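Everything below concerns the one structure shown next.
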Amino acid sequence: MKSGHGCYLVSDKNEEYLDLTAGTFNLSLGYQNEKILKAVQFQLNQLTHCSSSFEVDSVVELQTRLLACSSDVRPANSSRFW
């Protein structure tokens, strides 16, 4: 396979195949999703990696959002994600 778009893979002979064995991310997002590519590029230009020893605003925001929407599935009185 040489590339993919949407839910299709493209072979080196330009044959398209419906990807019925996609992995976790591309199964739901597809290949070459323009919104995803822009978001990844934006983040790569900001901060590619940061040790968990440091607080990162976007991670704190995500944790807050996850806590807010997970009250019915997490243990009572829990307020942290690891």
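Here the structure is a predicted model, which means the values were calculated and not measured.
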So, using side chain to side chain donor-acceptor pair (under 3.5 Å) as the criterion, who are the partners of Thr48 when residues are at least two apart?
none
By side chain to side chain donor-acceptor pair (under 3.5 Å) - contacts of Asn14 (at least two apart):
Lys2
Look up atom CG in Leu66 and atom CD in Glu61, then write down how far apart they are to the nearest 0.5 Å.
10.5 Å
For Glu55, enumerate each residue passing the side-chain contact (heavy atoms from CB on, under 4.5 Å) test, keeping only those at least two apart in sequence or located in another chain.
Val60
Any chance you could measure Leu67, atom CG, to Leu62, atom CG, to the nearest 0.5 Å?
9.5 Å
Hydrophobic cluster partners of Val56 (side-chain heavy atoms under 4.5 Å)
Leu47, Val59
Say you draw a straight line from OG of Ser58 to CD of Gln43; how long is it, rounded to the nearest 0.5 Å?
5.5 Å
Heavy-atom neighbours of Asp57 CG exceed 12 at 6.0 Å:
no
Rounded to the nearest 0.5 Å, what separates atom OH in Tyr8 from atom CG in Leu18?
5.5 Å
Only counting residues at least two apart or in another chain, list the ones meeting ring-ring contact (aromatic ring centres under 6.0 Å, His included) with Tyr17.
none
Shortest non-hydrogen contact from Ser3 to Gln32?
CB-NE2, 4.4 Å
Sequence neighbours excluded, which residues qualify as side chain to side chain donor-acceptor pair (under 3.5 Å) partners of Asp12?
none
